[in-house]
Amino acid sequence: MSSTPVRLHTWLRLQREQVALSARADALCRALRGCAGVRQAYYLNWQAGAGIYAHEGSEAHLPPGQGDPLQASDSLLHERLQSSGVLDLTQVRALDCWLAGRLRRAGIDQGAVLALALDETGSGLLLVVTHEGAALPWLGWMRELLASLLACAGGLSRSSPLLGLDPQPSLLLDAEARPLELNAALLALLADQPMDELLHFLPVNHAALVDACLAQRRAIEAVEAEYGERILIWTFIPDPQQARVLARCREATAQVLAEREASRARRLYRLITENTTDLISRHAPDGRFLDASPAAWRLLGFWPEELRGQPVEGLLHPEDRVHLLAHSREALEMNGYHTMTYRVRHRDGHYLWFETASHAIRETYTGAVVEVVSVSRDITARVQAEENRRRLSEVVEVNTDLVLFIDAEGRVTYLNPAARRTLRLPEGRMPALEALFDSEALEQLRGAGRAAAEREGVWSADARLLVQDVGASVPVSLVLLTHRTTGGERYYSLVARDMSERELREAQQRRHQEELAHTGRLVTLGELASGIAHEINQPLAAVVNYASASQRYLQSLGDNPQAVERVAQGLERITEHANHASEVIKRLRAFLRKGQRLVQPLDVGEVARDAVRLCAWETAAAQVTVEQRLAADLPPVCADRVLLEQVLINLLRNAIEANREAHLGRPSRIVLRARHEAGELLLDVQDQGAGLDERELEQAFTPFFTRKPDGLGLGLPMSRSIIEGFGGALEGRPGEEGGLCMRCRLPVKTITTTEEQ
């Protein structure tokens with residue numbers, strides 16, 4: 001499409017219709033800017049009263065000139081133009097006129113000014129700015145051409161007399177959909193863009209629309225076209241006689257975008273309404289359902305169609321019905337908004353907890369409530385969770401165990417009443433964790449305890465809680481639990497059970513066990529009395545014999561030169577046997593010791609040898625040999641010497657009795673073995689008796705079970721209890737060579753000597 005002829009034709013039409021001067025000036029300048037070599041064009045109208053040329057139209061203006069505007073004058077320029085008709089800009093810049101200063105300030109020096117009057121009663125000039133190097137002579141005949149066009153503008157056909165005066169952008173199209181003429185409003189819309197861009201303003205199917213419009217002899221309305229961010233609505237009006245079509249458009253960007261946004265909002269609202277898990281409903285002022293979203297089926301078991309027209313009170317719980325409706329209606333009337341929590345009946349008959357936010361829709365003029373919109377959600381799970389939390393809180397408050405809450409930084413944030421009573425803390429006082437535990441327990445709690453609780457969820461241990469401002473402590477069994485808040489923050493709960501009664505019972509049980517063990521030792525000593533008497537009588541008899549011999553040697557000191565030496569030897573033997581008797585008595589006194597348990601590192605080999613010596617008389621009487629296979633360099637074990645010796649004596653005497661029954665009048669053997677294996681010290685007593693079957697092995701450690709006619713059945717149970725008190729185990733099994741093997745397992749560890757309380 002050639003833009004200049006169309007633009008000139010449009011300008012001439014505007015001249016013919018005598019539209020506003022500014023619109024005609026803009027149309028002329030746009031037409032000239034389409035000419036080769038023209039950079040810019042301005043139309044200035046002569047202001048006779050002010051004596052200067054002033055801009056016309058909405059195009060770009062020249063800057064003001066220099067000097068006092070009140071003294072400005074273009075009279076000299078006006079006179080020269082009236083006489084010559086054309087002046088190049090070099091001549092204008094040399095004149096003493098206001099326009100010359102404006103040209104200098106704008107930096108314009110290529111082009112010419114042409115005297116051209118767009119109105120019959122006035123005068124004006126056309127300022128044409130050319131590109132550098134463009135020839136200027138053609139500007140003279142351009143003036144003549146424009147003047148001629150102005151002269152004949154009155155004779156143009158008036159096929160579309162309203163086109164020039166139409167305030168909406170319009171143009172004439174021929175039967176081939178080619179632009180014939182544009183009005184001023186469309187020119188302003190097109191601005192300085194080339195005429196080819198006009199096709200982009202039209203609908204993409206404008207040619208088909210022109211054909212249909214002329215063929216059907218009817219107007220086609222509301223055809224949308226987009227150009228960049230602009231949206232235009234076109235109307236095509238046919239002129240069948242001239243085979244032309246008048247195309248009119250209006251700017252509809254804001255309207256169409258608003259309609260699209262409204263359409264998107266409606267679609268979004270529909271999607272939200274149809275897919276939200278909440279129930280959205282509309283109600284009449286009396287509570288009847290007007291409509292409901294599809295969530296009604298999922299929440300209540302009713303389809304929306306079933307709820308329409310139904311009164312809402314029919315779904316409410318009887319206890320909530322009366323006061324809830326009255327209160328909600330009053331609140332909606334006063335405030336227009338109300339939120340309530342209540343129970344609603346499901347179609348199946350059970351009740352759910354609902355939370356509903358209602359908004360009143362009022363009549364515009366009277367303010368009366370005409371409709372209520374409600375959004376309801378099922379909060380049954382939340383209500384039940386809150387009820388469970390309330391019950392749990394009550395349980396924690398009345399719990400006799402001590403409950404403490406600890407945050408991630410290790411600060412105590414809560415203590416239940418039991419904890420405050422036990423720790424003697426007044427309400428409102430929150431202790432530091434360091435004040436509740438000693439350094440060792442605190443390190444264990446913060447280290448291994450917290451790590452285990454975070455890894456496995458729970459950690460337990462025994463410790464002592466320090467009672468505030470008293471200096472005492474309470475034995476407790478601790479359980480550390482880890483939790484997370486809704487926001488993901490970690491915190492801990494510490495549950496402590498007061499173990500003071502258990503500690504007292506354990507102390508009493510320990511005392512009873514010690515009494516029972518002491519009684520057992522007395523019984524054992526009574527059973528060993530004959531052997532012990534023999535072991536003491538032997539050194540005493542030797543002492544008597546050596547004393548008698550020494551007396552005889554003393555009487556023969558004068559006659560026998562060896563008497564002194566014999567007396568000395570006798571005294572030495574007396575001392576030796578007396579010491580032997582003393583050692584026997586000392587071992588008996590140690591064995592019969594009654595007092596607190598003394599746990600200390602022991603040499604098991606030494607304890608075993610002492611136990612064998614105490615049973616020596618009984619083994620000799622039963623013709624039993626004790627074979628001691630005690631490994632060298634046995635590690636020490638932590639135990640009470642007397643109690644461990646009592647266990648070994650009990651096991652040895654049981655083995656002696658078993659051998660005596662199986663080998664009556666014949667020699668037999670007992671193997672006493674000690675060795676270190678896998679962190680444990682194994683101490684075995686192997687006999688050559690008849691042994692025990694599986695049933696008897698299971699009952700052997702049951703109190704009062706015995707095969708001896710005069711036995712009590714307490715030896716093995718008491719021995720097992722003693723060994724377990726040292727952290728070990730006592731078990732029975734068939735021997736490798738027959739008989740029975742009793743095995744003590746004792747842990748090997750280094751512990752400083754302590755005295756159990």
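Scope of the values below: all heavy atoms of this structure, side chains included, with no hydrogens, waters or symmetry mates. Remember, it's a predicted structure, so these values are computed and weren't measured experimentally.
Leu648 approaches Ala608 most closely through the heavy-atom pair CD1-CA, 3.8 Å. In plain terms, the two heavy atoms of Tyr492 and Ala408 that are nearest each other are CE1-CA, 4.3 Å. Minimum interatomic distance between Pro635 and Leu681 (heavy atoms only, all atoms of both residues): O-CD1, 3.5 Å. Considering every non-hydrogen atom in both Gln623 and Arg666, the closest pair reads OE1-C, 3.7 Å. Contact between Gly605 and Leu634 at its shortest, heavy atoms only, is N-CD1, 4.4 Å. The nearest pair of heavy atoms linking Leu352 to Leu299 is CD1-O, 3.4 Å.
With His676 contributing its side chain and Val748 its backbone, the two residues share no donor-acceptor pair below 3.5 Å. Under a 3.5 Å cut-off, the side chain of Asp687 and the backbone N or O of Leu740 do form a donor-acceptor pair. With hydrogens and angles disregarded, no donor-acceptor distance shorter than 3.5 Å links the side chain of Asp401 to the backbone of Val495. Side-chain atoms of Arg298 come within 3.5 Å of backbone atoms of Thr277 as a donor-acceptor pair (strictly under, hydrogens ignored). No donor-acceptor pair closer than 3.5 Å links the side chain of Asp684 to the backbone N or O of Gln686. Between the Arg733 side chain and the Cys741 main chain, no donor and acceptor come within less than 3.5 Å of each other. Side-chain atoms of Thr482 never come within 3.5 Å of backbone atoms of Glu454 as a donor-acceptor pair (strictly under, hydrogens ignored). The backbone N or O of Arg429 lies less than 3.5 Å from a partner atom in the side chain of Arg420, making a donor-acceptor pair. Without hydrogens or angle criteria, Ser460 side chain to Val479 main chain gives no donor-acceptor distance under 3.5 Å. Looking only at distances, a side-chain donor or acceptor of Thr422 sits under 3.5 Å from a matching main-chain atom of Ala418.
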Exercise for the section: Evaluate the salt bridge (Lys or Arg N to Asp or Glu O under 4.0 Å) criterion for residues Arg390 and Glu394: first the C-alpha distance (whole Å), next the side-chain angles of each, then the deciding distance (0.1 Å), finally the verdict. Expected result: CA-CA 6 Å; Arg390 184 188 64 79; Glu394 291 179 356; 2.6 Å; yes
Problem - Candidate pair Asn654 and Met742, rule side-chain contact (heavy atoms from CB on, under 4.5 Å), full reasoning - result: CA-CA 10 Å; Asn654 287 345; Met742 302 301 295; over 6 Å; no
Exercise for the section: List the steps and the verdict of side-chain contact (heavy atoms from CB on, under 4.5 Å) for Leu445 and Leu433. Expected result: CA-CA 10 Å; Leu445 180 65; Leu433 201 60; 4.1 Å; yes
Handout entry: Stepwise side-chain contact (heavy atoms from CB on, under 4.5 Å) test for Arg411 and Met430
Key = CA-CA 9 Å; Arg411 294 187 294 265; Met430 205 64 66; over 6 Å; no
Exercise for the section: For the pair Phe437 and Leu465, evaluate side-chain contact (heavy atoms from CB on, under 4.5 Å) and give the outcome as yes or no after the intermediate values. Expected result: CA-CA 6 Å; Phe437 298 95; Leu465 274 175; 3.5 Å; yes
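With values rounded to the nearest 0.5 angstrom, Arg745 atom CZ is found 5.5 Å from Leu682 atom CG. Atom CG of Leu730 sits about 9.0 Å away from atom CG of Asn650, to the nearest 0.5 Å. Atom-to-atom distance recorded for Arg343:CZ and Phe354:CZ is 14.0 Å, nearest 0.5 angstrom. Rounded to the nearest 0.5 angstrom, Leu436 CG and Ser473 OG are separated by 12.5 Å. Note that CG of Asn659 is 10.0 Å distant from CD of Glu657, once rounded to the nearest 0.5 Å. To the nearest 0.5 angstrom, Arg609 atom CZ is 12.5 Å from Glu645 atom CD.
The closest side-chain heavy-atom distance from Glu355 to Thr339 is below 4.5 Å. Taking 4.5 Å as the limit, every side-chain heavy atom of Tyr351 sits out of range of all side-chain heavy atoms of Thr380.
Residue Glu443 qualifies as open at atom CD: its count of foreign heavy atoms under 6.0 Å is 12 or below. The 12-atom threshold is exceeded at CZ of Arg743, counting heavy atoms of other residues, nucleotides or ligands nearer than 6.0 Å. Heavy atoms from other residues, nucleotides or ligands lying under 6.0 Å from CD of Glu440 number 12 at most.
Of the candidates Val647, Leu643, Leu683, Val647 is the only one forming a side-chain contact (heavy atoms from CB on, under 4.5 Å) with Ile723.
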